[in-house]
Number of protein chains: 2
Amino acid sequence: MTVTLKHVAERAGVSRSAVSRCFTEGASISGKTRAKVERAATELGYCPNFLARSLTTRSTRLIGLVSNNFHNPVFLQIFDLFTRGLQDRGLSPLLVNLSEETAPARSVQMLRQYSVDGVIVASSTLPSGFARAFRDAGLPVVHAFGRPADRPDVHVVGIDNVACGRMAARTLIGRGYARLGFLGGPETASTTQDRMAGFLAEASRHPGTGMAIRFADAYSFDAGRTAMQAGLAAGSTTEAWFCGDDVLSLGAISALRDAALSVPGDVGVIGLNDMEMAGWAGVALTTIHQPFAEIIGASIDVVAAMLDDPARPPDSRSFPCRVIERGTLRAPP
Amino acid sequence: MTVTLKHVAERAGVSRSAVSRCFTEGASISGKTRAKVERAATELGYCPNFLARSLTTRSTRLIGLVSNNFHNPVFLQIFDLFTRGLQDRGLSPLLVNLSEETAPARSVQMLRQYSVDGVIVASSTLPSGFARAFRDAGLPVVHAFGRPADRPDVHVVGIDNVACGRMAARTLIGRGYARLGFLGGPETASTTQDRMAGFLAEASRHPGTGMAIRFADAYSFDAGRTAMQAGLAAGSTTEAWFCGDDVLSLGAISALRDAALSVPGDVGVIGLNDMEMAGWAGVALTTIHQPFAEIIGASIDVVAAMLDDPARPPDSRSFPCRVIERGTLRAPP
DNA sequence: CGGAATCTTGCAACGCGTTGCAAAACGGGT
DNA sequence: ACCCGTTTTGCAACGCGTTGCAAGATTCCG
């Protein structure tokens, strides 16, 4: 038996509107009635029904948080930051797990049914068409960890993956490595493509630099390990790898060490993300730091801004990354 | 401009009720009108509003998923299983991150505002009073990874932590270790207490068994590492540790290896959980497997059953665990 | 073909809260 | 006490969909 506005109104001896106004920011209400209402409300344990309110205010403060990365440990940090950030602004995350899905239709439908105020697509592997589907359904959307562009279809917040690829190549070449390798995630992901493009472009500016390319079919430890094993079986002589993700790096390193190769003694590895685990003693992965807190903060800012102005023309924000030196590359000469 | 029931009704030339019934399972409607309505609906891109519906049906199919474990990688698997399991039953998880909170009041309020149909508290570190607060607010609740009991306050699904403690002790003693150690999580957590109780009880049945006890102040790598470092600094001669969590085990192992102790050569370690990472090549943690899929499946079953019968008397389900042999204990003599 | 049984349908009221509007209450100045 | 300008208040309609009820349409049967 839920207690409603009406019960409170009766007990306080005022009209329903008065009670409503008592719980509405900035509504006109006298101190006296407010006191009466508040007493009645606490006595009855009244809690306003957001969903009924949303019918007239047309705002639910519900945000769809859509992701398909439930196997990359870095996403636990990401969910932590997103949920805390949203809660701090009085928004509530409705989580959608896409792990088995590839078509946006079902999640669009689900989020429309719940009248979410906005959607955050948090994934570096979903194609940009996925986020577009939400926009087409009239939902404000921001693609976090997507591919920044000059004239994006939807709001994007992420990093310059091409620049990261170049940074990785410059770093490796600066350490005197000559035969480089790129170990990417799923080949179709734009992030993979961009990181590779930057890496290759920078490498090609340095004559005498060799290049090997491999793809893992997921951003996971096993996929990284398997891909590296395949490389080794094929007789790889690569001196240093740029892996498109930390968890891929860890899988690759485990394959290298199993093959009695020392990292960084025989082969160097640089990752990307700087997940928490990369800093663990004993892991000590040299990697390119992706500024999660800033990206997520900006994504939430954008979605919050769209609540007020849904038609805001999409823009693209890109945050700078930097190399975090740990223990999987040899020292500069 | 959202399209509503009314628009569809007008376009199809029928009443609003007819349209409503068309989207209601098992309502009486003729094939002819159904066809008319469905055509109009797809033409307009109509999507029923769950929230408005919930006003009369008193069911939102929203489930609050409450947790404070956003730093233990195993929880990514847990969220994956929960979100998929809920979605498969047509339920939607509203995620509440308690990382900074200790009082239930705010989350209770938040979930009441959204009229969630039920709440799953997924945490092994929250006191049982936390889950009780939801029950007291009239919300069906199940505490996953809580402490099973004979007459629980709320529904509980978990493991028999005392039995796990005993199992760990039996395993270590069976390998011929004589000086044992327990490295627990936060001392106040009931899981820590129970695992320790079982471990000590079993150890005490074997005369000549030594015992050291340490607590980490969180279920995290760093906390485990720090606690183990403190033990080593104090001159620990423990031969084998039971760590109350895998991520604690990893921290402990890193401290041991930094101190030039080999695992399992000099010191044995057994963890608890069997997180994905425990099976990674190069990690190979011997551990007690906690059957996540079953626990989560059962939790969802319980919460789903409570949707129909909210007054169901609370019960407690406990799933058996088993030792997973990998590489951090020496072989049996 | 008539009448009873069964389906379908629309009406109107309801779920919970919000809000424009006009009436009522209040405050201040003379 | 009176008048005028502000607040404050309640009424009533609305947001979107559901549902009990009774009337209308079908079907079935003899």
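Everything numeric in this text was worked out from a predicted model, so none of it was measured.
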A:Arg39 CZ: over 12 foreign heavy atoms closer than 6.0 Å: no
Starting the side chain at C-beta, find the nucleotide from C:dG17, D:dG17, D:dG15 nearest to B:Leu5. D:dG17
Residue-phosphate contact under 4.0 Å: B:Thr24 side-chain N/O, D:dG17 OP1/OP2: no
What is the distance, rounded to the nearest whole Å, between atom CG of B:Leu55 and atom P of D:dC14? 18 Å
Taking only N and O in the side chain of B:Ser15, is any of them less than 4.0 Å away from OP1 or OP2 of C:dG10? yes
Does C:dC16 have its OP1 or OP2 closer than 4.0 Å to a side-chain nitrogen or oxygen of B:Tyr114? no
Could you tell me how far apart B:Asn49 (CG) and D:dC14 (C1') are, to the nearest whole angstrom? 15 Å
From NZ of B:Lys36 across to C1' of C:dT9 the rounded distance in Å is 10 Å
What's the CZ-P distance between B:Arg112 and C:dC16, to the nearest Å? 13 Å
Nearest listed nucleotide, side chain of A:Arg16, among D:dT7, C:dA13, C:dG17: C:dG17
For A:Thr4, answer base if it contacts any base atom (sugar-phosphate contacts may also be present), sugar-phosphate if it contacts only those atoms, and nothing otherwise; contact means non-hydrogen atoms under 4.0 Å. sugar-phosphate
Would you say the side-chain atoms of A:Asp80 and B:Asn97 include a donor-acceptor pair closer than 3.5 Å? yes
Side-chain donor or acceptor of A:Asn69 paired with backbone N/O of A:Asn72 under 3.5 Å: no
Whole-Å distance between C:dG15 C1' and B:Phe50 CZ? 17 Å
So does B:Arg53 get a side-chain nitrogen or oxygen closer than 4.0 Å to the phosphate oxygens (OP1/OP2) of D:dT18? yes
With a 3.5 Å cut-off and no angle check, do the side chains of A:Asp117 and A:Thr60 form a donor-acceptor pair? yes
Please determine whether any donor N or O and acceptor N or O are separated by less than 3.5 Å between the side chain of A:Ser17 and the base of D:dC11. yes
Roughly how many Å is it from NZ in B:Lys6 to P in C:dA12, rounded to a whole number? 15 Å
With the side chain defined as heavy atoms from C-beta on, A:Thr56 is closest, among C:dG15, C:dG17, D:dG10, to C:dG17
Just to be sure I understand the rule, does B:Val14 reach a base, reach only the sugar-phosphate, or reach nothing, if contact means heavy atoms closer than 4.0 Å? sugar-phosphate
Can you tell whether the side chains of A:Arg84 and A:Asp88 come within less than 4.0 Å, N to carboxylate O? no
For A:Arg58, report the nucleic acid contact type (base, sugar-phosphate, nothing); a contact means any heavy atom under 4.0 Å. sugar-phosphate
With a 4.0 Å cutoff (strictly under), does any side-chain N or O of A:Ser30 reach OP1 or OP2 of D:dT7? no
Should the side chain of B:Arg21 and the base of C:dG10 be counted as holding a donor-acceptor pair, with the cut-off at 3.5 Å? yes
Which of these nucleotides, C:dC21, D:dC16, D:dT19, is closest to any side-chain atom of B:Thr2? D:dC16
Using a 4.0 Å heavy-atom cut-off, does B:Tyr46 contact any base of the nucleic acid, only the sugar-phosphate backbone, or nothing at all? sugar-phosphate
Across the strands shown, which category fits A:Ile29 at heavy-atom distances under 4.0 angstrom: base, sugar-phosphate, nothing? sugar-phosphate
Are B:Arg89 and B:Asp301 close enough for a salt bridge, meaning some N to O gap below 4.0 Å? yes
